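Right, one structure below, let's go through it.
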Amino acid sequence: NETDYFMLQGEEDDQEWYNMIQERAQDVFNLDVEAGVYTDRAKGESFLSADRDFPMIIVGSKTVNSWIKDDLGFDEEIVPDIDWDFENKAGFLSGFTSVGGHITSDEQYEISSRDKEEIRKLNEFFSDIGINSGVYQYDEQNRLQVQKADTQKLLNSGFFWNPKFEEKI
């Protein structure tokens, strides 16, 4: 059963980045790319449980989806099955981390997922390219955190493409 769309969803402060991705995707795929906001309806009464809006992009094309799946190796999994040399790992991490994650108040890059295997694989890739990171679990989320010195190194090198990271330099 072939899906006829694919979706990217970002962090709350990613709207500027997602606007750029939408424009680029429209140019590359030569079709309309839907952009919107996904609202996470929170439960509870504290300020931490307020509704949060996340940007998202939907590319509604069976052809584009099959190209991503069949030619690039992305399927249901986040990390595709390709030849993972140093350059591929660094490039994948650079793009992936620019779309998700954030810099914590402790000046460490952090990304979370319910998928423990995804976080484990990202941690392995960071280690393989010489970046110190660790994995822990908090509130049913698996989290990867890059140490402060390495986060600063990544910020200074232009590793993160997302404009939200520029203010952290």
Side-chain angles (χ1 to χ4, degrees), residues 6-25 33 35-58 72-74 77-80 82-169:
F6 78 93
M7 181 178 68
L8 296 172
Q9 183 177 320
E11 300 277 324
E12 289 175 283
D13 56 353
D14 282 336
Q15 191 61 55
E16 180 182 349
W17 173 245
Y18 271 67
N19 291 342
M20 187 186 80
I21 291 174
Q22 178 189 18
E23 290 174 20
R24 295 269 166 43
V33 174
V37 174
Y38 164 77
T39 300
D40 182 13
R41 302 280 180 219
K43 297 174 179 71
E45 309 230 349
S46 76
F47 74 95
L48 294 174
S49 64
D51 289 352
R52 299 179 352 190
D53 293 335
F54 299 94
M56 69 179 191
I57 295 172
I58 298 173
L72 299 183
F74 286 85
E77 299 193 22
I78 297 297
V79 182
I82 64 171
D83 178 25
W84 289 108
D85 60 17
F86 181 90
E87 187 176 323
N88 284 338
K89 288 176 184 178
F92 176 80
L93 285 171
S94 182
F96 188 86
T97 56
S98 293
V99 175
H102 62 277
I103 306 296
T104 67
S105 60
D106 295 335
E107 299 177 19
Q108 297 178 323
Y109 172 79
E110 182 179 83
I111 191 165
S112 62
S113 172
R114 292 190 191 280
D115 187 340
K116 187 175 187 174
E117 178 61 22
E118 172 186 297
I119 293 296
R120 186 201 64 75
K121 191 69 161 177
L122 292 172
N123 189 52
E124 176 187 317
F125 280 14
F126 272 117
S127 177
D128 291 348
I129 66 167
I131 300 297
N132 293 311
S133 61
V135 175
Y136 67 99
Q137 191 168 27
Y138 180 76
D139 282 346
E140 299 182 24
Q141 289 284 321
N142 300 287
R143 297 176 188 258
L144 175 140
Q145 199 167 60
V146 173
Q147 293 182 0
K148 182 177 179 177
D150 282 342
T151 297
Q152 196 60 48
K153 183 168 62 172
L154 294 173
L155 286 167
N156 291 334
S157 71
F159 184 82
F160 301 109
W161 304 344
N162 191 326
K164 77 177 182 182
F165 293 114
E166 289 178 13
E167 66 192 45
K168 304 293 183 178
I169 296 176

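On a predicted model such as this, the values are computed, not experimentally measured, just so you know.
Between the CG atom in L122 and the CZ atom in R143 there is a gap of 14.5 Å [rounded to 0.5 Å]. Considering CD1 of I103 and CD of Q145, their distance stands at 10.0 Å, rounded to 0.5 Å. Taken from CG in L144 to OG in S113, the straight-line distance is 10.5 Å, to the nearest 0.5 Å.
Side chains of T97 and L154 form no contact here, defined as non-hydrogen atoms less than 4.5 Å apart.
Every pair tested for salt bridge (charged side-chain N to carboxylate O under 4.0 Å, His left out) that includes a residue from residues 90-100 fails, sequence neighbours excluded, so the list is empty.
Applying the ring pair (Phe, Tyr, Trp, His ring centres under 6.0 Å) test to F160 and every residue at least two apart in sequence or in another chain returns Y109, F165. For E23, there are no side-chain hydrogen bond (donor to acceptor under 3.5 Å, both in side chains) partners two or more places apart in sequence or in a different chain. With sequence neighbours excluded, the residues forming a side-chain contact (heavy atoms from CB on, under 4.5 Å) with K116 are N142, listed by chain and number.
Between the side chains of Q108 and T151, not a single donor N or O lies within less than 3.5 Å of an accepting N or O.
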When the side chains of residues 125-136 are checked against the rest of the protein, which donor-acceptor pairs come out under 3.5 Å, sequence neighbours left out?
residue : atom : partner : partner atom : Å
D128    : OD2  : K89     : NZ           : 2.5
N132    : ND2  : D150    : OD2          : 3.3
S133    : OG   : N123    : OD1          : 2.5
Y136    : OH   : E110    : OE2          : 2.4

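The pair E124-K121 counts as a salt bridge, with a side-chain nitrogen and a carboxylate oxygen less than 4.0 angstrom apart.
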